[in-house]
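Here's the structure we're looking at; comments come further down.
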2 protein chains.
Amino acid sequence: MTEAAGDARGQTRARIEQAALDLFTLQGFEQVTIDDVALAAGISRRTFFRYFATKADAVWGDFAAHVARLGRLLEATDGAQPVLAGICAAYVEVNDYADEDLPLLRERMRLILTEPALLAHSELRYAEVDRVVAEHVARLTATAPDALLPRLVATTTRAAATTAFEVWLADGRTTLTERLMEGFSQLAAGFPGLGGGSPAVPPVGRPSAGARRHR
Amino acid sequence: MTEAAGDARGQTRARIEQAALDLFTLQGFEQVTIDDVALAAGISRRTFFRYFATKADAVWGDFAAHVARLGRLLEATDGAQPVLAGICAAYVEVNDYADEDLPLLRERMRLILTEPALLAHSELRYAEVDRVVAEHVARLTATAPDALLPRLVATTTRAAATTAFEVWLADGRTTLTERLMEGFSQLAAGFPGLGGGSPAVPPVGRPSAGARRHR
DNA sequence: CTTGCCGGTGGCACCCGGTGTCACTAGCGT
DNA sequence: ACGCTAGTGACACCGGGTGCCACCGGCAAG
């Protein structure tokens, strides 16, 4: 693996990725076959799978790098601020795209959120994110990463982030950063304006035995 | 569609479902082919797809009925209690299984949460749930169902519910209901114990321009 | 220059999930 | 006996994904 070879690989990988993205946005994810992408990228079908494990992976780019960056940002978070604020800041920074990259991001996200096959695949990617965030929370709170609280924080913050993404994408009159922070602040405050202050739901006298009528 | 015919359909459907579940838990989702399931259920491969649109659907049972029931519960929620409390109660009641149904539920959920293909498929199912909850919140708050707040509430509550499911499934020393209510109370309180009271993150002076260095 | 190794590639066969089509059968009313 | 209908099975087909092998280029050693 010489440097030149690595560069060549990176270039063809980029070519495949761009060809795939173009075709997908133009004709729809399902309509485009991998033969189409391979033809457009000037490679063979077999080679496509040497660069991307699945058809969906061609849309996600090097998502693993994003997750790794998020993880590094979280590790570098100082313990002064609240935990949720730190996670919010990390999410914001990871998604702080330069203006010229926004069109590409929009295409990617539109595909991921619109095409059912890609939406399904996304759950697998989000699981990686959740793991990183849960480990971060577990570190700060001295609990196990697979306990309820860390995982709860991880999945709900990620849900908030992706929802912010969706809304931003839909009407696009606001900044992604603004939407993210808006979502996080709502979440951190326990959704004020819905009634029920901080200690609202907590104990609740259990639904007793109640006729278990399910199924 | 006479009554007898409908019954017959229901019976074979149940047979297929059980055969699929048994084989999946025994050998793993990916390892079992649809021919295997068809053979075990005493039908043909083609007939399998007349009962279930996809391989994954055989695991989910009649999930649409669950979603519909959740929707009805939400509609019947009285406006007295806080919104999150109502959603919590609806989730709890939908998932209030009789003891004799718990083993089956565990098998189902273990598969869904463990097998990557099923985990991916789950995102498509959860989208239906989110839609119902978002419409409920939109109704109560007199906002659009596709606005940020309703969707935020829908996705985060659902994330909390599924996480409660996962943790319940993992250690199983507590009730599913308990886990659900624990998760919801944490969420509704904005995760106390992480620092940052209710009005903690909200305004935050924006990350300024900050070198946008992404990509 | 020849030999052998090695990474990237293409071609091929194969598996499997999913779909469209057609022919067959059973039940049922006329 | 006739036709209708619902359910079924068999078959062909498409497309994503994998394993395998053969080829070709560069490159170091002889």
Side-chain angles (χ1 to χ4, degrees), chain A residues 1-17 19-21 23-24 26-60 111-112 115-125, chain B residues 1-17 19-21 23-24 26-60 111-112 115-125:
Chain A
M1 190 193 289
T2 73
E3 176 187 323
D7 259 17
R9 257 196 84 85
Q11 283 176 18
T12 57
R13 182 185 166 98
R15 254 197 4 257
I16 299 174
E17 198 174 322
L21 222 58
L23 288 178
F24 292 163
L26 209 62
Q27 311 175 22
F29 183 76
E30 312 262 11
Q31 277 61 46
V32 178
T33 73
I34 294 192
D35 290 277
D36 296 335
V37 177
L39 185 65
I43 52 158
S44 79
R45 166 184 157 79
R46 191 62 188 85
T47 297
F48 174 92
F49 286 107
R50 290 205 177 90
Y51 284 88
F52 299 97
T54 71
K55 191 181 176 185
D57 282 317
V59 178
W60 283 83
L111 280 172
I112 290 174
E115 300 279 352
L118 287 172
L119 185 63
H121 185 80
S122 70
E123 187 75 0
L124 302 178
R125 296 316 180 113
Chain B
M1 190 192 287
T2 73
E3 176 188 322
D7 258 18
R9 257 197 83 86
Q11 283 176 18
T12 58
R13 181 185 166 98
R15 254 199 1 258
I16 299 174
E17 198 174 321
L21 223 57
L23 288 178
F24 292 163
L26 209 63
Q27 310 174 22
F29 183 76
E30 312 261 11
Q31 277 61 45
V32 177
T33 75
I34 295 193
D35 290 276
D36 295 336
V37 177
L39 185 66
I43 53 160
S44 80
R45 163 185 160 79
R46 191 63 186 87
T47 296
F48 174 92
F49 286 108
R50 290 202 177 91
Y51 285 88
F52 299 96
T54 71
K55 191 182 178 185
D57 282 315
V59 178
W60 283 82
L111 280 172
I112 289 174
E115 299 280 352
L118 288 172
L119 185 63
H121 185 81
S122 70
E123 186 76 1
L124 302 178
R125 295 316 179 111

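Note that these values count all heavy atoms, side chains included, but never hydrogens, waters or copies made by symmetry. So you know, we letter chains A, B, ... as the sequences are listed, proteins then strands, and number each from 1.
In this model, the phosphate group of D/dG7 is not approached by any side-chain N or O of B/Tyr51 to a distance below 4.0 Å at OP1 or OP2.
Nearest heavy atoms, A/Phe48 versus A/Thr54: CE2-O, 4.1 Å. Summarising the geometry of A/Ala58 relative to A/Glu17, their closest heavy-atom pair is O-CG, 3.4 Å, with the distance given to 0.1 Å. Listed here is the closest heavy atom pair of A/Ala117 and A/Glu30: CB-OE2, 3.8 Å. Here the shortest heavy-atom pairing between A/Lys55 and A/Val32 reads NZ-O, 2.7 Å.
One can place CZ of A/Phe48 at 14 Å from C1' of D/dT18, the figure rounded to the nearest angstrom. When the P atom of D/dC20 is taken as reference, atom CZ of A/Phe49 falls 17 Å away, rounded to whole Å. The CZ-P distance, from B/Phe52 to C/dG17, rounds to 15 Å in whole Å. One interatomic measurement links the two molecules: CZ of B/Arg45 to P of C/dG18, which rounds to 9 Å at whole-angstrom precision. Atom CZ of A/Arg13 is separated from atom P of C/dG8 by 14 Å (rounded to the nearest Å). Per the geometry, CZ belonging to B/Arg15 stands 13 Å off C1' belonging to D/dT8, to the nearest Å. Whole-Å rounding puts the B/Lys55 NZ to C/dT19 C1' distance at 17 Å.
Between B/Leu119 and B/Pro116, the closest side-chain pair of non-hydrogen atoms is not below 4.5 Å.
For DNA chain C, none of the residues of residues 27-40 of chain A falls under the heavy-atom distance limit of 4.0 Å.
In terms of polar N and O atoms assigned as donor or acceptor, the side chain of A/Arg46 never comes within less than 3.5 Å of the base of C/dG8 in a complementary pairing.
In this structure, the separation between CG on B/Leu21 and CZ on B/Phe29 is 10.5 Å, given to the nearest 0.5 Å.
Of the candidate nucleotides D/dG16, D/dC20, C/dG18, D/dC20 has the atom nearest to the side chain of A/Arg50.
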